[in-house]
Number of protein chains: 2
Amino acid sequence: MNYSRQREAIISVLKNTTSHPSAAWIYDRVRIQIPNISLGTVYRNLAALEKEGMIVKVPVGDACEHFDGDTTPHSHFYCKSCEAISDIPFDPSDALKTAEANHGFEVHSVTYTFTGICKECLKDKN
Amino acid sequence: MNYSRQREAIISVLKNTTSHPSAAWIYDRVRIQIPNISLGTVYRNLAALEKEGMIVKVPVGDACEHFDGDTTPHSHFYCKSCEAISDIPFDPSDALKTAEANHGFEVHSVTYTFTGICKECLKDKN
DNA sequence: GAGAAATCAGTAATCTTTACTAATTTTATT
DNA sequence: AATAAAATTAGTAAAGATTACTGATTTCTC
């Protein structure tokens, strides 16, 4: 993989947020530095980085894909109300070993997603 | 929610497969019974059934959404090679309790997705 | 059976993502 | 530093998934 300024900027955006952003959000951020970057470039690089294991996809079941620059073992919480994705320090790696041992799969990653209503949104309801 | 023949057919398709199908797949199946059903009807009913908790979304990070008629606690394995989604009898409900207790979220569901290469695809490689 | 509410079929529109192409940038080599 | 091959990009077009809309049909309640 050759160097590119665009890819560096995308990595930098992803490594400096905990918001698990979509491609569109990343595009908006990167455009501050590189105003004429193409949305296709963002998508292409996100796919390449995911393939290399440098970033992680976080599918939560809303309209679009989300990405995470933090590849250490942890879990996610998706709020159905405000649609935010937050981290939960829950290491799923034990389950990974169990799955490989019991089912014969070659497991590359485990995504553990909790869905519900977050603390802030619960507050707003009362 | 009023009765509709279309919704019954959709539920029936979902309850009689373990393949975690997409809306398009469900549409094709239901059309055998109801040839002029509309794709929009399938989407609308899937959303309504999911809201009611009668079915479950299974986001795996491919192009489209998948659905599961089995709402009992279990987990999923997504094969990156053949793109099949299979069940794993891994009950995530303990983790749910942990998340609620430690983080104050109101957790509605937990999605535990393993991603990798399934047994059959591993066989094909050799 | 009649009226109100819910649902539907069919179509159009929207949104996300991918594909394509000619131009630019990077890398390796001299 | 100049050069050629390979990788990457911007910009645009196309594809695919999902939602929105409208007038007609079906379901429910009385």
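First the proteins, then the strands, lettered A, B, ... as listed; each starts at 1.
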Chemist: Mind calculating the distance between CG (B/L49) and P (C/dT7) to the nearest angstrom?
Modeler: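 Checked: the CG to P distance equals 11 Å.
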Chemist: Between A/F105 and A/H103, how do the two ring planes meet: parallel, tilted or perpendicular, split at 30° and 60°?
Modeler: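 Rings of A/F105 and A/H103: parallel, under 30°.
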Chemist: Looking at B/Q6, I'd like to know whether one of its side-chain N or O atoms comes within less than 4.0 Å of OP1 or OP2 on C/dA9.
Modeler: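 B/Q6 to C/dA9 OP1/OP2: side-chain N or O found under 4.0 Å.
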Chemist: Note down the inter-axis angle between the two ends of the helix from C/dG1-D/dC30 to C/dT30-D/dA1, five pairs each, to the nearest 10°.
Modeler: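 Its terminal axes enclose an angle near 50°.
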Chemist: Can you check the A/L46 CG to C/dT18 C1' distance for me, whole Å?
Modeler: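 In whole Å, C/dT18 C1' lies 13 Å from A/L46 CG.
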Chemist: Is the shortest side-chain heavy-atom distance between A/K57 and A/H66 below 4.5 Å?
Modeler: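 Side-chain contact under 4.5 Å: no.
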Chemist: Using side-chain heavy atoms (C-beta onward) and a distance below 4.5 Å, is A/H74 in contact with A/I88?
Modeler: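 Result no, sub-4.5 Å side-chain heavy-atom pair not found.
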Chemist: Rounded to whole Å, please give me the gap between CG in B/L39 and P in C/dC8.
Modeler: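 One finds 13 Å between P of C/dC8 and CG of B/L39, rounded.
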Chemist: Looking across every strand, which nucleic acid part, if any, lies under 4.0 Å from B/I37 by heavy atom: base, sugar-phosphate, or nothing?
Modeler: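 Sugar-phosphate only.
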Chemist: Does any part of the side chain of A/C82, heavy atoms only, come nearer than 4.5 Å to the side chain of A/C118, both counted from C-beta?
Modeler: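 In short, these two side chains touch, coming nearer than 4.5 Å.
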Chemist: Can you tell if the side chain of B/I11 reaches within under 4.5 Å of the side chain of B/M54, non-hydrogen atoms only?
Modeler: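 Of all side-chain heavy-atom pairs linking B/M54 with B/I11, at least one is under 4.5 Å.
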Chemist: Nearest-Å distance, CZ (B/R31) to C1' (C/dG10)?
Modeler: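 Answer to the nearest Å: 13 Å.
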Chemist: Got a sec, which residues hit ring-ring contact (aromatic ring centres under 6.0 Å, His included) with A/Y112, two or more places apart in sequence or on another chain?
Modeler: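 With sequence neighbours excluded, A/Y112 shows a ring-ring contact (aromatic ring centres under 6.0 Å, His included) to A/F90, A/F114, B/Y112, given in chain and number order.
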Chemist: Starting from P on C/dT18, measure out to CD on A/E50 and report it in whole angstrom.
Modeler: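 These atoms are roughly 11 Å apart.
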Chemist: Should the pair B/R31 and B/Y27 be classed as cation-pi, given the thresholds of under 6.0 Å to the six-membered ring centre and 45° from the axis?
Modeler: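 Geometry flag: set, cation within 6.0 Å and 45°.
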Chemist: Are the side chains of A/T17 and A/W25 in touch, meaning some heavy atoms are under 4.5 Å apart?
Modeler: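 Yes, at least one pair of side-chain atoms sits under 4.5 Å.
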Chemist: From NE2 of B/H66 over to P of D/dG16, roughly how many Å is that when rounded to an integer?
Modeler: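 To the nearest whole Å, that distance equals 16 Å.
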Chemist: Between B/A63 and B/N45, which has a closest nucleotide on DNA chain C that is more 5'?
Modeler: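 So the residue in question is B/N45.
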Chemist: Would you list the pairs meeting salt bridge (Lys or Arg N to Asp or Glu O under 4.0 Å) in which at least one residue belongs to residues 68-86 of chain B, sequence neighbours left out?
Modeler: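 Sorted pair list comes back empty.
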Chemist: Examine C/dC8: is either OP1 or OP2 under 4.0 Å from a nitrogen or oxygen in the side chain of B/N36? Give yes or no.
Modeler: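 Answer no for this pair, as no side-chain N or O of B/N36 is under 4.0 Å from OP1 or OP2.
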Chemist: Side-chain contact test, heavy atoms from C-beta onward, threshold under 4.5 Å: evaluate it for A/L49 versus A/F67 and give yes or no.
Modeler: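 No - every pair of side-chain heavy atoms lies 4.5 Å or more apart.
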Chemist: Would you jot down, in residue-number order, the residues of residues 11-28 of chain A having a non-hydrogen atom under 4.0 Å from DNA chain D?
Modeler: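 Nucleic-acid contacts, sorted: none.
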Chemist: State, with a plain yes or no, whether a side-chain heavy atom of B/T115 is found less than 4.5 Å away from one of B/F77.
Modeler: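 No, side chains not in contact.
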Chemist: If a pair satisfies side chain to side chain donor-acceptor pair (under 3.5 Å) and one of its residues is in residues 39-50 of chain A, list it, with sequence neighbours excluded.
Modeler: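 For residues 39-50 of chain A, and leaving out neighbouring residues, the side chain to side chain donor-acceptor pair (under 3.5 Å) pairs sorted by first residue read A/R7-A/N45, A/T41-A/R44.
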Chemist: C/dA9 phosphate, OP1 or OP2: any side-chain N/O from B/T41 under 4.0 angstrom?
Modeler: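 Looking at the OP1 and OP2 atoms of C/dA9, one of them is under 4.0 Å from a side-chain N or O of B/T41.
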Chemist: Rounded to the Å, how far apart are A/E52 CD and D/dA7 P?
Modeler: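 Atom-to-atom, A/E52 to D/dA7, this comes out as 14 Å.
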Chemist: Using whole Å, what does the distance between atom C1' of nucleotide C/dA9 and atom CD of B/Q33 come to?
Modeler: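 Answer to the nearest Å: 17 Å.
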Chemist: So, is B/Y43 near the phosphate of D/dT19, with a side-chain N or O under 4.0 Å from OP1 or OP2?
Modeler: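 No, outside the criterion.
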Chemist: What does the list of N/O pairs under 3.5 Å between the protein and nucleotides 19-28 of chain C look like, with a distance for each?
Modeler:
{"residue": "C/dT27", "atom": "OP1", "partner": "A/Y3", "partner atom": "N", "Å": "3.2"}

